[in-house]
Amino acid sequence: MTFRLIGIDSPVVRETGEVRRRVADLVHLATDGAVGSDDVLAGRASLPDLGVTSLGYLRLIDALEREFGVDIDTTAPLATLDDVVDQLT
């Protein structure tokens with residue numbers, strides 16, 4: 001599956017797998033490495049269960065908005081990788 005992300009400069013088409021990998025990498029960065037990208041991709045636990053703190057969520061939301069050129073709805077669930085990817089599609 002592919003979808004179009006409208007960025008600041010130009011439209012970008014990305015594969016869902018590519019987006020999932022990039023989101024997992026951003027979780028890793030937002031948590032200063034406390035949460036591994038592979039752990040996020042495995043999907044065995046929610047992001048809070050993996051160790052994403054409230055500060056980590058704020059950093060992740062900021063990174064997602066800059067990376068993908070979207071506004072993240074913070075009232076919607078963001079507990080799993082799928083929740084986050086759903087916000088981007």
Side-chain angles (χ1 to χ4, degrees):
M1 174 190 296
T2 62
F3 55 93
R4 184 172 299 275
L5 298 171
I6 306 300
I8 295 169
D9 297 323
S10 63
V12 176
V13 176
R14 295 188 180 184
E15 294 290 328
T16 302
E18 179 186 350
V19 171
R20 291 176 64 80
R21 168 52 76 179
R22 185 61 186 143
V23 170
D25 290 343
L26 290 173
V27 170
H28 178 74
L29 293 172
T31 60
D32 289 328
V35 177
S37 300
D38 291 336
D39 293 330
V40 175
L41 286 169
R44 292 187 199 110
S46 68
L47 297 178
D49 289 344
L50 289 172
V52 178
T53 63
S54 57
L55 177 59
Y57 266 108
L58 291 175
R59 295 166 89 187
L60 175 61
I61 289 166
D62 183 55
L64 290 167
E65 290 180 340
R66 282 187 282 120
E67 174 88 12
F68 294 102
V70 298
D71 289 325
I72 299 295
D73 178 5
T74 57
T75 63
L78 293 172
T80 66
L81 176 61
D82 290 335
D83 292 340
V84 175
V85 172
D86 286 347
Q87 284 249 2
L88 299 173
T89 58

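We're numbering straight along the sequence, starting at 1. It should be emphasised that the depicted structure is a prediction, and the values quoted were computed from it without experimental measurement.
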Spacing of [X] atom [atom1] and [Y] atom [atom2] [to the nearest 0.5 Å]:
X: Thr80; Y: Arg44; atom1: OG1; atom2: CZ; value: 15.0 Å
X: Thr74; Y: Glu65; atom1: OG1; atom2: CD; value: 8.5 Å
X: Ile61; Y: Leu26; atom1: CD1; atom2: CG; value: 12.0 Å
X: Ile72; Y: Leu64; atom1: CD1; atom2: CG; value: 5.0 Å
X: Leu88; Y: Thr16; atom1: CG; atom2: OG1; value: 10.5 Å

If I compare all heavy atoms of Ala24 with all of Leu81, which pair ends up nearest, and what's the gap?
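Where Ala24 meets Leu81 most closely, the heavy atoms are N-CD1, 4.4 Å.
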Please list, chain by chain and in numerical order, all residues satisfying salt bridge (charged side-chain N to carboxylate O under 4.0 Å, His left out) with [X], sequence neighbours excluded.
X: Asp73; answer: none
X: Asp83; answer: none
X: Asp62; answer: Arg66
X: Asp32; answer: Arg59

Using side-chain contact (heavy atoms from CB on, under 4.5 Å), reason through Leu47 and Val35 one step at a time and then give a plain yes or no.
CA-CA 9 Å; Leu47 297 178; Val35 177; 5.7 Å; no
Just jot down the side-chain hydrogen bond (donor to acceptor under 3.5 Å, both in side chains) partners of [X], sequence neighbours excluded, or say none.
X: Thr31; answer: none
X: Asp82; answer: Arg20
X: Ser46; answer: Asp49

Would you check, one step at a time, whether the test side-chain contact (heavy atoms from CB on, under 4.5 Å) holds for Val70 with Gln87?
CA-CA 9 Å; Val70 298; Gln87 284 249 2; over 6 Å; no
